[in-house]
Amino acid sequence: MIIYLLASAVISLFGVVLLPFPKIGSVPAEVEGMLNDILSYVDIGFDIFYSFCYADVVIAMVNITVMVIVLYEAWRVALFVFRKIPFLGIN
Amino acid sequence: MKYKFIALFLAVTLLFTTTAAATGSGGAADSNAASSRSSPYLIDYQSQGLASLGAYFVNGKPDYACFVVNNTVNETRPAELYQWSSASGGAGYVSTYVGSSGRKYVQYCIETSVDDFCTSGLLIDISSLMGSSTSFDVYFPEYSDTGGIYFDGVADWTSAGYTYFTTRSVNNNSWYAYSEILDAGDTFNSYSTLLDGVKPFSCDINSVSTVTIDGHRFIKYSLTLKADQSPRQVVQFVIAGTAAALSDSYDSSFFSIDLLNNIYIDLDSSVVPDGEGPPDDGTGSGGGGESGGDQDTTGQLTDIKDAVTELPNSIAGKIADAVMGLFVPDEEQLESIHASMDTFFSDQLGAVWTVMDFFLDLLMYALDADAQESIAFPGIVLDVGSDASFILEPADVYIWPNGFRQLQPLVRSGVTMVLILCWFRGLMRIKDRWLSR
């Protein structure tokens, strides 16, 4: 719930911040189709890959890795903000 | 000396005669049953009071199914043949109505070139048996890695909707809902979501054993179905699995059900006929009226002990669930986040968002994928003008062929171990980067 609320707030914030900037053009439909094809092949690839290892373990490792990276980046953002506050004295 | 041989011969003859009399209750039907029991493919439907027998395939891929009706057990030329085939593998139904034809034995077989998990099921209408408890045996080839037993209640044979009541796997393989292993002493219980008119029922696994029939090894499950479906409802017994994994073990026939055991009235108690009871699990001392009471007490104590043993795990699990629920978003919330991002960024960021979305999808596939036994090969098409023909036909390619299946746990363990080591090393690098700042 906490992560969900934070993520929703950040997304809304980014949406507002990006509004004044010019829009970036989208990729052609052919490229999107190609990316979708690649994703479907990747999906099959994962199925094959998970047949040679224990999928539960690998998925747990991916989850932990993502969580650690997210925490790491969140910590960096927090540190960046804290450094802007003079009386905290964080260098 | 001569008289001793004669006496020995008479004694052996008497012994065999006594044994035969003890195993059967006499009569022509029993002698037929005894002889047909040597083959698990034969169903002596008449002695079971079956007027008809059907097999219904639910979105399955079997190419061919048939019932062979024979006059004798070992008849090589079928007296009657009821068959159904489907090249593409759709739903289908084949049945026999031979109750009054004077035939004695029904053999069913299924042949298939490609198959999929959980999509093919042989449904046998045993509704005529459902007024009482029924004891029967099910045979699966020993090396079939998939297969399940469950019960299914439908409105009629052609009903598309059906409910899985009980599911178990045959071997140690997770297969959709078939995550539990059949073992002696297990009991199936029907799910709470029963179809209208279908009453709850249960099924006991009396014993699990390995038998060799015609040189092929099978796992034999002796089941007792306890159900009081009165008035009669259409409840089907289903055995399902993959054909490809089994076809190497036994040609053409991969499921067998032996309905030759006795049918007996056993609705509310654990009374079983003489000699047909579940195997002794070693806890009881056997015999006597007090034995049942002792076993009940032992069972209750075992339940209490199991509950107490599981208590710390359940408490820890509740706390972990609460903490996880507080922080980690569930699937709906993740989808909501993704939808919000798509709304906000796709229009504004265009190509950049497409790339970001690609990697998000990549992550999603990594987390959602699961081990597959087979991969759907789409085939290779030679497209010349308006004519298109397959160079290679679409097919399900099995990742682990039967010959290598025994190596699967070893390879999986080894690869997983290497991945864990690499992952740990990667995490240490992240930690070093983190702490170095």
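Hydrogens, waters and symmetry mates play no part in the numbers below; they use all other heavy atoms, side chains included. In what follows, every chain begins at residue 1, and chains take the letters A, B, ... in the order their sequences are listed.
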Which answer fits [X], side chain, backbone, both or neither, if we ask what part of it has an atom under 4.5 Å from a heavy atom of chain B?
X: A:V16; result: neither
X: A:L19; result: both
X: A:L5; result: neither

Non-hydrogen side-chain atoms of B:L360 and B:W353 separated by less than 4.5 Å: yes

4.5 Å side-chain heavy-atom contact, A:V62 and B:L363: yes

Salt bridge (charged side-chain N to carboxylate O under 4.0 Å, His left out) partners of A:E73, counting only residues at least two apart: A:R76

For each of [options], tally heavy-atom pairs with chain B at distances under 4.5 Å, and name the one with the top tally.
options: A:E32, A:K23, A:M67; value: A:K23
options: A:S26, A:P28, A:S51, A:A55; value: A:S51
options: A:I59, A:N36, A:L39; value: A:L39
options: A:I64, A:V58, A:V66; value: A:I64

Kindly compute the distance separating [atom1] ([X]) from [atom2] ([Y]), expressed to the nearest 0.5 Å.
X: B:M356; Y: B:M341; atom1: CE; atom2: CE; value: 5.0 Å
X: B:T416; Y: A:Y50; atom1: OG1; atom2: OH; value: 11.0 Å
X: A:Y41; Y: B:Y365; atom1: OH; atom2: OH; value: 13.0 Å

Atom group of B:S413 that falls short of 4.5 Å from chain A, counting heavy atoms: both

Engaged part of B:I420 at the chain A interface, taking heavy atoms whose separation is under 4.5 Å: both

side-chain hydrogen bond (donor to acceptor under 3.5 Å, both in side chains) involving A:N63 - partner list, sequence neighbours excluded: none

Test side-chain hydrogen bond (donor to acceptor under 3.5 Å, both in side chains) applied to A:Y4 - qualifying residues, sequence neighbours left out: B:S336

Side-chain (B:T354) to main-chain (A:V27) donor-acceptor, under 3.5 angstrom: no

Enclosure of A:F14 CZ (heavy-atom neighbours >12, cutoff 6.0 Å): no

Any residue of residues 423-431 of chain B which, by heavy atoms, sits under 4.5 Å from chain A: B:W423, B:L427, B:I430

